[in-house]
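Encoded as structure tokens, the structure appears first; notes follow it.
A, B, ... follow the sequence lines: proteins, then strands. Residue 1 opens every chain.
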There are 2 protein chains.
Amino acid sequence: MAEKERGPRERMVFSAAQLIRRDGVAATGMRDVVAHARAPRGSLRHYFPGGKEQLVNEAVDWAGRYAAARVARFLAGMPQPSPSGLFAAMAAQWIDEYGSVGFEAGGCPVAAATVDCSRAAESTREAAAAAFARWTAPVARALADMGVPAARAEPLATLMISALEGAILIARAERDVRALTTVTRELGPLLDAAATPPPDGPTT
Amino acid sequence: MAEKERGPRERMVFSAAQLIRRDGVAATGMRDVVAHARAPRGSLRHYFPGGKEQLVNEAVDWAGRYAAARVARFLAGMPQPSPSGLFAAMAAQWIDEYGSVGFEAGGCPVAAATVDCSRAAESTREAAAAAFARWTAPVARALADMGVPAARAEPLATLMISALEGAILIARAERDVRALTTVTRELGPLLDAAATPPPDGPTT
DNA sequence: GCTTCTCTATGACAGTCGTCATACTAGAAC
DNA sequence: GTTCTAGTATGACGACTGTCATAGAGAAGC
């Protein structure tokens, strides 16, 4: 997460995503965001006339695009891509962060937004759904490229992201990456088996 | 979730769990809880001298016990218990609610508490971890009873709860039970396969 | 009858939140 | 030089929040 010299607006969205994934949406104040982004408070209203809701939505949107970009990067860095390898890379992103930086930075911003305001703010709920969709698409496409039948590519991608999100949740609660490593180990064979259809054909 | 004529204290814990899973911890005020529980506001301080943190912790604790009890009930109601059947029953609890009552009631209180205050309130984080543990234990025990090797019973239980929690999250965001049904369908064979060791033995 | 204890009622406190109104700066347009 | 506009600064507003202090009901004990 390298931050170049981006404009104040972009920095605020980025900071909002970071604070949301750490403390949740409701506990993240707009004053906290501008302070974290070292952005002028006077610009808040200028860049986000829609108020906090707009800022949160853009942060969720940013997180969705970021996750999708990470998937592409993982695939580009894998000489022999496999479904289990992709999932392991996705999980390793979290395992590594929790192992090195610790659990302070929090979980997934999209999950936090879903939990906090899927009922209160309809637009935020839609943003979260869009983020999940934007994240699932490249995973499903990658699975299909690895030989997973087209009909199972997206369901398996949904399973991967579900298991990952849930494991992140448990890992945060336990302050232990156990859930993440466990899910990676247990789900891998299933994913790889789907990529190599049974040699004797789909008899049953 | 039938509510008998319980005391005000119990009603408040129950209402807190309901409101937390709907709106999140931060967005749930103590005044909202007493109103929802139709409990006297003056008793708040009396029953929960530890303030909001204590109330939230007890709600999370209640949710963990409730989830564990549900697992036991599912098992008792299954004539021929199987891992996939158990997971399907766990997921069906959410699919049915979302299908009948709608998505308004929200998600899992433990997940909400983890997202909202795993960083702010250490005791709440511990309560969430305990709730996950209390939920995982009966699932792992049931898997072992169904023939899953002891070494894989708990990992698979963690996988089940992870996938379920993640699917709940996605379902809420999408306002569609698709993720829940998908996860049920895709994870079932893997779970059942673990309960019946390969007939030719573990050669590889 | 009096005390004691549990439970309830009510109002106020200090703090924080998101929002908004107003005014100032800097630079480009022409 | 004037005008316009994007961006910044600052302070205040009302509406909350959790917490607390104080006081009252009402049964139990004896």
- Message: Between B:Gly29 and A:Met12, which residue's closest nucleotide on DNA chain D lies nearer the 5′ terminus?
- Response: A:Met12

Take the protein atom [atom1] of [X] and the nucleotide atom [atom2] of [N], then report the distance between them rounded to whole Å.
| X | N | atom1 | atom2 | result |
| --- | --- | --- | --- | --- |
| A:Glu10 | D:dG7 | CD | P | 14 Å |
| B:Leu19 | D:dG18 | CG | P | 12 Å |
| A:Leu44 | C:dC17 | CG | C1' | 13 Å |
| A:Arg31 | D:dA12 | CZ | C1' | 10 Å |
| B:Arg38 | C:dC7 | CZ | P | 21 Å |
| B:Glu53 | D:dG18 | CD | P | 13 Å |
| A:Phe48 | C:dT19 | CZ | P | 12 Å |

Output the single nucleotide from [options] whose closest atom is nearest the side chain of [X].
| X | options | answer |
| --- | --- | --- |
| B:Arg45 | D:dC20, C:dT19, D:dG18 | D:dC20 |
| B:His46 | D:dT8, C:dT8, D:dT17 | C:dT8 |
| B:Ser43 | D:dG7, D:dG18, C:dC7 | C:dC7 |

- Query: Can we say B:Glu104 and B:Arg175 salt-bridge, meaning some charged N sits less than 4.0 Å from an Asp/Glu carboxylate O?
  - Reply: yes

- Query: Taking 4.0 angstrom as the limit, do A:Glu186 and A:Arg178 come out as a salt bridge?
  - Reply: no

- Message: Any donor-acceptor pair under 3.5 Å linking the side-chain atoms of B:Glu154 with those of B:Thr136?
- Response: no

- More 5' along DNA chain C: B:Arg41 or B:Pro8, using each one's nearest nucleotide? B:Pro8

- Ignoring backbone atoms, establish whether B:Tyr47 has a side-chain N or O less than 4.0 Å from OP1 or OP2 of C:dT8. yes

- Task: Scan for salt bridge (charged side-chain N to carboxylate O under 4.0 Å, His left out) pairs involving residues 125-139 of chain B, sequence neighbours excluded, and state none if there are none.
- Result: B:Asp61-B:Arg134, B:Glu122-B:Arg125

